[in-house]
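Counting from 1, the numbers follow the sequence of the chain as shown.
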Amino acid sequence: MTTALVALGAALVTLGLVLVVLLVTRRPRPAPAEETGELALAVRELNTRMEGFARELTQALERSQDGERRSRHFGELAGSIDLDEVLTRVLEAAGATPGADAALVTVSGAGGANKPIVATLGLSTEEAERQAITGPPDGRQVRSVAISYEYPEPTNGDVESHAGDPIRSGLAVPLPGEAGTVGMLTIFSRSPAGAFGNDARRDLEELADRAGPAIENARRFREARHLADLDALTGLHNRRYFHETLAHEVKRAHRYDRRLALIFLDLDDFKSINEEIGHLGGDAVLAEVAQRLRSVVRGADIPCRVGGDEFAFILPESSLEDAERFFQRLQLAIQGQPIGRIPNVQISAGMAELGRDDDATSLFRRVDQALYRAKRAGKGRVVAADDAEESSEAS
């Protein structure tokens with residue numbers, strides 16, 4: 001397409017030169033002064049026409065480049081099922097709309113109950129939090145939403161507190177899914193020239209028609225992957241997720257010289273609990289224990305059920321002392337009141353802080369050995385891996 005436009009431009013230039021030659025050679029030859037004036041007039045007319053041809057050629061070339069860029073973005077949307085990557089490509093395509101200085105995608109959570117997923121391009125965090133658009137208040141389906149922002153005359157305080165040009169206008173369109181709208185796609189302009197026109201709306205609608213199904217598929221994949229990472233009984237992360245995440249966190253801690261602690265615990269005498277109240281009762285105890293454990297963890301902590309009555313906690317940015325205090329909170333949560341028909345459930349744990357020479361396997365092995373030492377020492381307690389190693393050497 002681009003090659004054809006270049007060829008067309010060259011042909012137009014050649015045609016213009018031919019017209020000048022014909023104009024000069026075929027007309028009767030007037031007096032020298034009159035000939036000079038008419039030639040100058042012909043050259044001006046030709047210049048005007050050629051400028052018009054050049055403008056048309058430039059516009060056609062820009063339209064061709066925009067079309068090629070949009071086609072590339074459309075093709076890339078279907079090439080990934082990673083939600084973050086799909087959202088990035090949607091934002092890049094939306095940001096390429098003429099006049100757009102920023103873009104925003106808001107994707108509703110599963111079932112409409114979860115916190116929406118928000119991705120932005122060209123917006124600060126503060127701007128993104130304030131620009132979410134959900135459509136009419138009555139929930140009616142719309143084709144698009146046009147936004148215009150009018151600001152008072154700035155004062156010195158406003159100039160100092162708000163850096164950069166403000167958002168002047170916006171245009172939002174719904175992202176269609178199989179069962180309805182999955183979110184909104186919005187572009188913004190900081191230009192005072194005016195709102196987005198019909199061409200921008202058509203382009204954004206076309207993009208939304210392609211982006212909606214791609215986002216919906218990627219979101220489903222993320223939700224399915226999340227469910228696959230959960231233990232069905234307790235709702236905690238499962239063993240596979242634990243080992244994958246521990247390896248990742250160990251590498252990150254080494255790379256950025258961060259601290260990392262690990263706790264591995266199990267329920268004391270859980271076999272006897274199963275024998276007393278049966279396996280269904282034992283499962284109920286595990287589910288209740290998991291709920292209490294989950295109530296203690298921080299946002300950055302990663303609780304997992306690694307098998308049977310065994311639980312592990314990955315504690316980023318934590319020392320051995322932090323891990324010991326964390327275990328004490330766990331112990332209080334478990335032993336504070338009866339669990340079902342069991343009046344007093346106790347836990348034993350091993351813990352360790354990531355060492356300079358540790359990898360994920362060696363760290364887990366040290367913590368596992370520490371748990372074994374805790375069980376042998378009388379249960380209902382926590383043993384640090386270093387203490388366990390010293391005890392082993394002494395014996």
Worksheet item: Are Val90 and Leu121 connected, step by step, through hydrophobic side chains (Ile, Leu, Val, Met, Phe, Trp, Tyr) whose heavy atoms are closer than 4.5 Å?
Response: yes
Practice prompt. Kindly indicate whether the side chain of Phe242, heavy atoms from C-beta on, has any atom under 4.5 Å from the side chain of Ile302.
Written response: no
Item to complete: Identify whether the distance between the nearest side-chain nitrogen and carboxylate oxygen of Lys375 and Asp266 falls below 4.0 Å.
Response: yes
Discussion item. Is any side-chain heavy atom of Arg219 closer than 4.5 Å to one of Ser108?
Written reply: yes
Item to complete: Could you tell me whether Asp359 and Lys251 make a salt bridge, using a distance below 4.0 angstrom between a side-chain N and a carboxylate O?
Response: no
Worksheet item: Under a single-linkage definition using a 4.5 Å side-chain heavy-atom cutoff for Ile, Leu, Val, Met, Phe, Trp and Tyr, are Val367 and Ile263 assigned to the same hydrophobic cluster?
Response: no
Worksheet item: Does Arg305 come within less than 4.0 Å of Glu310, counting only side-chain N to carboxylate O?
Response: no
Worksheet item: Where does the angle between the aromatic ring planes of Phe264 and Phe364 fall among parallel (under 30°), tilted (30 to 60°) and perpendicular (over 60°)?
Response: tilted
Discussion item. Is any side-chain heavy atom of Leu293 closer than 4.5 Å to one of Pro303?
Written reply: no
Discussion item. Check for me, please, whether Val86 and Leu185 land in the same ILVMFWY cluster - side-chain distances under 4.5 Å, paths through other members count.
Written reply: yes
Worksheet item: Could Lys271 and Asp309 be called an ion pair, given the rule that one side-chain N must be under 4.0 Å from one carboxylate O?
Response: no
Worksheet entry | Validation row: Ile215, Val105 side chains within 4.5 angstrom (heavy atoms) | yes
Worksheet item: Does the pair Asp231/Arg239 count as a salt bridge with the N-to-O cut at 4.0 Å?
Response: no
Worksheet item: Ion pair present between Glu216 and Arg220, side-chain N to carboxylate O less than 4.0 angstrom?
Response: yes
Worksheet entry | Partners passing ring-ring contact (aromatic ring centres under 6.0 Å, His included) against Phe196 (at least two apart in sequence or in another chain) | none
Discussion item. Could you go through Arg365 and Gln369, starting from their C-alpha distance and side-chain angles, then the distance that decides it, and tell me whether this counts as side chain to side chain contact (heavy atoms under 4.5 Å, CB included)?
Written reply: CA-CA 6 Å; Arg365 184 184 299 116; Gln369 291 172 351; 3.7 Å; yes
Fill in: Name of the residue among Asp101, Leu171, Ile147 meeting side-chain contact (heavy atoms from CB on, under 4.5 Å) with Ser189
Asp101
Using residues 333-348 as the side-chain source, report each donor-acceptor pair under 3.5 Å to any protein atom, sequence neighbours left out, with the distance given to one decimal.
residue, atom, partner, partner atom, Å
Ser348, OG, Asp268, OD1, 2.7
Ser348, OG, Asp268, OD2, 3.2
Ser348, OG, Gly380, N, 2.9

Discussion item. Within the structure provided, determine whether Arg329 and Leu332 are in side-chain contact (heavy-atom separation under 4.5 Å).
Written reply: no
Worksheet entry | Heavy-atom side-chain proximity of Asp229 to Arg225 below 4.5 angstrom | yes
Worksheet item: Can you get from Val306 to Phe327 by hopping between Ile, Leu, Val, Met, Phe, Trp and Tyr side chains that sit under 4.5 Å apart?
Response: no
Worksheet item: Is the closest side-chain donor-acceptor distance between Gln141 and Thr181 under 3.5 Å?
Response: yes
Item to complete: Determine, for Glu244 against Arg240, whether the closest basic-nitrogen to carboxylate-oxygen distance falls under 4.0 angstrom.
Response: yes
Worksheet entry | Flag side-chain contact, heavy atom, 4.5 Å: Thr106 against Leu104 | yes
Item to complete: Could you state whether Phe270 and Tyr372 fall into the same hydrophobic cluster, counting links through intermediate Ile, Leu, Val, Met, Phe, Trp or Tyr residues with side-chain heavy atoms under 4.5 angstrom apart?
Response: no
Worksheet item: Does a salt bridge link Arg190 with Asp165, judged by any charged N lying under 4.0 Å from a carboxylate O?
Response: no
